[in-house]
Undergrad: 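Below is one structure. I have some questions about it.
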Amino acid sequence: MKRRTLLATALLSTVATPGLAGIARAADPGPSLTLTGSTTLDTQAIYFVSYDGLVNNNSFQKNGLLTYKGYQYAVWYTADRNAVVGRRVLGSNTWSTVKVGHTLRYNDSHNVISMGISKVDGRLHLNMDSHSDGFTYVKSVAGLMDNPGGLSWTASRFGAPQSTLDGLALTSQFTYPQFISTPEGRLQLSYRVAVSGNGRNALAEYDGTSWTNLGEWTSSTGTYTSEHGSSTARNMYLHGIDYDKNGRLHSFFTWREQNGAVMCSSGGITNHDTGYVYSDDRGRTWRNNAGTVVGTTGGSDKVAVTDAGLVVDALNPDHSLMNQESQFTDSAGRPHAIISYVPGRFGQCTTNYVTDRTNNGRAFHVRKNSSGAWQKTEIPVPLNSSQRTKLILDKYDNAYAIFPFCRIAGASKASGYTDWTILYDGVGAGLNAFGEVVIDETRVAQDNFLSIMYQEKSSGTTPSALRNLNFRLPA
């Protein structure tokens, strides 16, 4: 492994600079939101707070809400712990639901349900109920997603729950399922092997006939040293894993160290640095920002904390940097991310990451510009929460940050993403949203809508309403 370096951060500036238009034309519209209405998925969804989150609304729940061929799909657990999948015709307020034969085992907010579509055979896939242990997998019959209007929405359309991927056993310590569709229509499953602070990321792939385990692509070994101490084990937490329109697979990440000695205070969190890698061969090999191969999936050389050129924004473990935040790619295939932490102007040592992030946390927009340099802009909206913010870009590449409690800010591409302003305030609107929300990342490109799923705040284990909010983006 190569020695760790932060040279990539030299390219990072604090404020983006607008580009110049080469040809005179009508200006693209800036960010805007037009609320078109809301729907109710469940008046009594399961509710319990665990790890500061909800099992039906953890923002790392990739594709808890998705759109395909004129229908929108959602997954959640009901008050009686049944896993259900719902669908509606876009524009309709009515959700039809199906129980898929599984009940939630534990009150653990990590045990989310994630969806994926294998376009090669038109199946819907679900992976659920796992936190460093076994998982449950369910898939639909072939063609269900291709002919939603012609096929009834019933439990008979789904196979029996499995503890493997059609016989493929992955790991006994499985967490964070994230499905991603490849440009060819195959389906990949990203997941973590082992546990927080000592885990590895891995990929499996479905080709329409069977699943193959591609293997692990990150390493948990190597020595990381801060000004306070060292750690020899960790895991890479992904902010996302997504293909752009050109077929490049992007992933922003942060590292979490196992040894708390790297922190200034035991009340903080050991996350440090924002990194970035990409793959041009469907996740088989991984490259750093300079294009150098730094890891091979299933091979002996994996992406490690000691590799050069990974870090695009350096930050030590003393600022309560959040893991698993958000990323998106723009119309040119350039990667963007939201990260959040407590800036140094509020002190150089967080002593309680929940309290300090709630009181002083800020989100930042990190992106690669047209010249290939990394740029970073602070979004001038206090987090007022310890939780995560989501990111999408519209067809004009305007950016939208969806904060906890469904507060939404936007910034225009024309300004170089410097004109962030609040566009919608879910608190003022009386949504009573718990905190983190789930975003339909797939719908933006299909019909120009921002669609959000949130759950109303409750107390104890009293069930509460699960709702869907819809905004039209600039035409």
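Residue indices begin at 1 and follow the sequence shown.
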Undergrad: With a 3.5 Å cut-off and no angle check, do the side chains of N323 and R256 form a donor-acceptor pair?
TA: yes

Undergrad: Measuring centre to centre across the rings, with the benzene-like ring taken for any Trp, is F158 within less than 6.0 Å of W153?
TA: yes

Undergrad: With rounding to the nearest 0.5 angstrom, report the OG1 to NZ distance, T296 to K302.
TA: 9.0 Å

Undergrad: Applying side-chain hydrogen bond (donor to acceptor under 3.5 Å, both in side chains), name anything that partners T297, two or more places apart in sequence or on another chain.
TA: W286

Undergrad: Is any side-chain heavy atom of Y417 less than 4.5 Å from a side-chain heavy atom of L393?
TA: yes

Undergrad: Between F471 and Y424, is the ring centroid distance below 6.0 Å?
TA: yes

Undergrad: How many angstroms lie between atom CG of N201 and atom OG1 of T218, to the nearest 0.5 angstrom?
TA: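 Separation between the atoms: 4.0 Å.
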
Undergrad: Looking at D307 and A304, would you say the former's side chain and the latter's main chain have a donor-acceptor pair under 3.5 Å?
TA: yes

Undergrad: Please check if the distance between the ring centroids of F364 and W374 is under 6.0 Å.
TA: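 Distance test on ring centres: not under 6.0 Å, no.
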
Undergrad: Determine whether the aromatic ring centres of residues Y191 and Y176 are separated by less than 6.0 angstrom.
TA: no

Undergrad: Can you see whether N127 engages S114 through a side-chain donor-acceptor pair at a distance of less than 3.5 angstrom?
TA: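 No, S114 and N127 have no side-chain donor paired with an acceptor closer than 3.5 Å.
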
Undergrad: Taking it one step at a time, do K69 and D146 satisfy salt bridge (charged side-chain N to carboxylate O under 4.0 Å, His left out)?
TA: CA-CA 7 Å; K69 295 192 174 181; D146 295 328; 3.1 Å; yes

Undergrad: Does any part of the side chain of L187, heavy atoms only, come nearer than 4.5 Å to the side chain of T182, both counted from C-beta?
TA: no

Undergrad: Please check this pair: side chain of N57 against backbone of Q455, looking for a donor-acceptor N/O pair closer than 3.5 Å.
TA: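 Yes, N57 side chain to Q455 backbone: donor-acceptor pair under 3.5 Å.
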
Undergrad: Could you tell me if D52 and Q387 have a donor-acceptor pair between their side chains, going purely by distance under 3.5 Å?
TA: no

Undergrad: Going from CG on L170 to OG on S163, what distance comes out if it is rounded to the nearest 0.5 angstrom?
TA: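 Spacing of CG (L170) from OG (S163) equals 10.5 Å.
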
Undergrad: Output all residues satisfying side-chain hydrogen bond (donor to acceptor under 3.5 Å, both in side chains) with D166, sequence neighbours left out; order by chain, then residue number.
TA: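 If we apply the side-chain hydrogen bond (donor to acceptor under 3.5 Å, both in side chains) test to D166, skipping adjacent residues, the hits are K139, Q162.
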
Undergrad: Decide if the gap between the ring center of H250 and the ring center of Y243 is smaller than 6.0 angstrom.
TA: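 Not close enough - the centres of the two rings lie 6.0 Å or further apart.
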
Undergrad: With sequence neighbours excluded, what pairs up with H131 under the ring-ring contact (aromatic ring centres under 6.0 Å, His included) test?
TA: Y51, H110

Undergrad: Report the distance from atom CD of E257 to atom OG of S220, rounding to the nearest 0.5 Å.
TA: 10.5 Å

Undergrad: Are any non-hydrogen side-chain atoms of E325 and S340 less than 4.5 angstrom apart?
TA: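 Answer yes - side chains close enough.
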
Undergrad: Checking R284 against E205 for the salt bridge (charged side-chain N to carboxylate O under 4.0 Å, His left out) test, could you report, in this order, the C-alpha distance in whole Å, the side-chain angles of both residues, the deciding distance, and whether it holds?
TA: CA-CA 11 Å; R284 271 63 174 179; E205 185 174 86; 3.0 Å; yes

Undergrad: Does any non-hydrogen side-chain atom of R200 lie less than 4.5 Å from one of N235?
TA: no

Undergrad: Quick one about N468 and R88 (side-chain donor to acceptor, distance below 3.5 Å, no hydrogens or angles considered), yes or no?
TA: yes

Undergrad: Tell me every residue that passes ring-ring contact (aromatic ring centres under 6.0 Å, His included) with Y278, counting only those two or more places apart in sequence or in another chain.
TA: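 By the ring-ring contact (aromatic ring centres under 6.0 Å, His included) rule, Y278 matches no residue at all.
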
Undergrad: Taking the side chain as C-beta and beyond, is there a heavy-atom pair between S130 and P177 under 4.5 Å?
TA: yes

Undergrad: Using the test side-chain hydrogen bond (donor to acceptor under 3.5 Å, both in side chains), find all partners of S140 that sit at least two apart in sequence or belong to another chain.
TA: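 Checked S140 against side-chain hydrogen bond (donor to acceptor under 3.5 Å, both in side chains); zero matches.
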
Undergrad: Hey, would you say the F328 and H336 ring centroids sit under 6.0 Å apart?
TA: no

Undergrad: Quick one: are the ring centres of Y68 and Y73 less than 6.0 Å apart?
TA: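 No; Y73 has its ring centre 6.0 Å or more from that of Y68.
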
Undergrad: Could I get the full list of side-chain hydrogen bond (donor to acceptor under 3.5 Å, both in side chains) partners for W217, not counting sequence neighbours?
TA: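 W217 satisfies side-chain hydrogen bond (donor to acceptor under 3.5 Å, both in side chains) with no other residue.
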
Undergrad: Would you say the ring centers of F253 and H239 fall short of 6.0 Å from each other?
TA: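 Here the rings of H239 and F253 have centres that are no less than 6.0 Å from each other.
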
